[in-house]
Amino acid sequence: MATEQSKMKAWLYTDTTNGLENNLSFTSEARTPPALRNDDVLITVLSASLNPADYKFPEMGLLMRKLVIGTPASPGMDFCGRVVATGPDATNFSPDQLVYGNLGKPCQFGTLADLIVASASLLVHLPEGVEVDHAATLGGTGQTAYQSLKGYVSADDKVFINGGSGGCGIFAIQIAKVMGCHVTTTCSTKNVEFCRGLGADEVIDYTAEEDLVASLRYPATLYRQSHHFLAPGKTFVQVGVPGMGTIAERMLLPGFLGGGKRKYVIFVTKNNREDLVQLGEWVQKGTIKVQLDTAYELEDAVKAFKHLRSGRARGKIIVHVAKS
């Protein structure tokens with residue numbers, strides 16, 4: 001073992017019937033991660049940030065849980081924590097340093113546990129003045145928002161962000177403004193001023209009775225209608241998985257048969273240390289402000305997941321795993 005500690009506190013699941021959160025059990029006797037190799041870094045998790053992917057992947061089926069993740073497993077991928085020990089090649093890190101990042105994919109030793117192991121190549125030192133809770137949100141949602149814009153938009157472009165008050169949308173609005181774009185977004189009535197406060201130039205209330213808004217409310221028709229609001233040569237970037245049927249239709253149905261008439265990209269976030277560094281610097285400078293919805297203590301992780309699944313969070317949901 002990389003540490004003398006042989007047991008740890010963790011939320012574990014083996015099944016996801018009726019939802020991941022209804023199958024989580026807490027234990028103080030969970031086994032700790034295996035011995036460190038190469039550039040592995042053992043980390044005590046201080047704060048974990050929850051994302052829909054944390055329950056969507058385990059709920060994909062038995063093969064996903066058994067062959068890809070491995071059970072019993074702890075959910076969670078985003079984190080900020082404190083270095084405990086390092087592998088022989090992790091020379092840029094040392095014990096007690098604060099770091100943040102993302103595990104990259106669901107795994108057996110997820111972030112709702114005392115200890116995790118992450119590759120040093122994808123870890124970033126916590127910038128001075130940045131809060132632990134805020135840094136914990138950057139690995140997944142922050143990178144997703146940044147990468148879904150980078151390479152697709154340029155300064156002076158007009159960007160449409162569907163769902164500006166969600167976890168990814170909040171980051172995307174601010175990052176698009178940093179990149180010099182004009183931003184239009186959608187949200188419900190109660191979040192209109194919130195999105196304007198993030199920097200959105202135009203905010204569409206999707207609960208209003210307007211023909212345009214009615215067509216934008218439904219994910220199944222959004223891409224089909226995109227030629228009405230997306231300039232020729234520009235790209236419809238799909239963040240998140242709306243369902244395999246919807247994806248198949250968008251990718252395979254040609255425009256002359258009623259499909260979309262713009263380029264369609266299913267976006268997949270990739271862990272990128274340079275992007276994590278940039279996000280941390282923006283937060284440190286106040287260029288981007290992290291919006292937290294609720295911070296839960298570890299014992300309330302089930303409540304945190306139920307809140308996440310409700311879709312009513314305005315900002316990120318945090319779980320405090322250990323004391324900082």
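Only this structure's heavy atoms are used, side chains among them; waters, hydrogens and symmetry mates stay out.
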Subject >> Qualifying residue, where the test is side-chain contact (heavy atoms from CB on, under 4.5 Å) with Y296 and the options are I318, L50, I317 >> reply: I317

Original post:
Within a reach of under 6.0 Å around CZ of F57, are more than 12 heavy atoms found that belong to other residues, nucleotides or ligands?
Top reply: no

Original post:
Should D157 and K234 be marked as a salt bridge (charged side-chain N to carboxylate O under 4.0 Å, His left out) after you check the CA-CA gap, both sets of side-chain angles, and the distance that decides it?
Top reply: CA-CA 10 Å; D157 278 351; K234 295 300 182 178; 3.2 Å; yes

Original post:
How far apart are the C-alpha atoms of K316 and D133, what are their side-chain angles, what is the distance that settles it, and do they pass the salt bridge (charged side-chain N to carboxylate O under 4.0 Å, His left out) test?
Top reply: CA-CA 10 Å; K316 297 300 297 177; D133 282 358; over 6 Å; no

Original post:
Can you check side chain to side chain contact (heavy atoms under 4.5 Å, CB included) on V124 and R273, steps first, answer last?
Top reply: CA-CA 7 Å; V124 178; R273 190 176 184 279; 3.9 Å; yes

Subject >> Residues, nucleotides or ligands: over 12 heavy atoms within 6.0 Å of R37 CZ >> reply: no

Subject >> Residue pair V41 / A120: nearest heavy atoms and the distance that separates them >> reply: CG2-CB, 3.8 Å

Subject >> Worked check of side-chain hydrogen bond (donor to acceptor under 3.5 Å, both in side chains) between N51 and T141 >> reply: CA-CA 8 Å; N51 298 295; T141 310; 2.7 Å; yes

Subject >> Under 3.5 Å side-chain donor-acceptor pair for T144 and T269 >> reply: yes

Original post:
So, Q97 side chain and S94 main chain: donor-acceptor pair closer than 3.5 Å or not?
Top reply: yes

Subject >> Steps toward side chain to side chain contact (heavy atoms under 4.5 Å, CB included) verdict (T184, I204) >> reply: CA-CA 8 Å; T184 300; I204 300 172; 4.0 Å; yes

Original post:
In the hydrophobic clustering that connects Ile, Leu, Val, Met, Phe, Trp and Tyr at side-chain heavy-atom distances below 4.5 Å, which members other than V203 occupy its cluster, ordered by chain and number?
Top reply: V192

Subject >> Steps toward side-chain hydrogen bond (donor to acceptor under 3.5 Å, both in side chains) verdict (T207, S188) >> reply: CA-CA 6 Å; T207 63; S188 62; over 6 Å; no

**OP:** Evaluate the criterion side-chain hydrogen bond (donor to acceptor under 3.5 Å, both in side chains) for residue pair T16 and R65; output intermediate values, then yes/no.
**Re:** CA-CA 9 Å; T16 59; R65 294 193 297 276; 2.9 Å; yes

Subject >> NZ/NE/NH1/NH2 to OD/OE distance under 4.0 Å, R196 and E193 >> reply: yes

**OP:** Kindly compute the distance separating CD (Q147) from CG (N271), expressed to the nearest 0.5 Å.
**Re:** 8.0 Å

Original post:
Can Q143 and N102 be counted as having a side-chain donor-acceptor contact under 3.5 angstrom?
Top reply: no

Subject >> Over all atoms of both residues, closest heavy-atom pair of L103 and A118 >> reply: CD2-CB, 4.1 Å

Original post:
Among V159, D156, D201, L149, whose side-chain contact (heavy atoms from CB on, under 4.5 Å) with C181 holds?
Top reply: V159

Subject >> Shortest non-hydrogen contact from S165 toward I170 >> reply: O-CD1, 3.4 Å

Original post:
Is there a path of hydrophobic side-chain contacts, each under 4.5 Å between heavy atoms of I, L, V, M, F, W or Y residues, that connects F79 with L122?
Top reply: no

Original post:
Should F194 and L292 be counted in the same cluster of Ile, Leu, Val, Met, Phe, Trp and Tyr side chains packed under 4.5 Å apart?
Top reply: yes

Original post:
Quick one: do the S28 and K7 side chains pair a donor with an acceptor below 3.5 Å?
Top reply: no

**OP:** Verify, without hydrogens or angle tests, whether Q108 (side chain) and S74 (backbone) share a donor-acceptor contact under 3.5 angstrom.
**Re:** no

Original post:
Tell me, which pairs form a ring pair (Phe, Tyr, Trp, His ring centres under 6.0 Å) where one or both residues lie in residues 22-41, sequence neighbours left out?
Top reply: W11-F26

Original post:
Salt bridge check: are D275 and K150 linked by an N-O gap of less than 4.0 Å?
Top reply: yes

**OP:** Grab the two heavy atoms, one from K306 and one from N22, that are nearest each other, plus how far apart they are.
**Re:** CE-OD1, 4.0 Å

Subject >> Nearest heavy-atom neighbours spanning G142 and L279 >> reply: C-CD1, 3.5 Å

Original post:
Taking everything shown except K177 itself, do over 12 heavy atoms lie less than 6.0 Å from its NZ?
Top reply: yes

Original post:
Are Y100 and H125 close enough that a side-chain donor and a side-chain acceptor fall under 3.5 Å?
Top reply: no

Original post:
Quick check: does any side chain N or O of T186 sit under 3.5 Å from a backbone N or O of G163, one acting as donor and the other as acceptor?
Top reply: yes

**OP:** Group every Ile, Leu, Val, Met, Phe, Trp and Tyr by side-chain heavy-atom contacts under 4.5 Å, then state whether L298 and L12 land in the same group.
**Re:** no

Original post:
Given T111 and D54, is the side chain to side chain contact (heavy atoms under 4.5 Å, CB included) satisfied, shown in steps?
Top reply: CA-CA 10 Å; T111 58; D54 295 330; over 6 Å; no

Subject >> Side-chain donor/acceptor of N23 to backbone N/O of T17, under 3.5 Å >> reply: yes

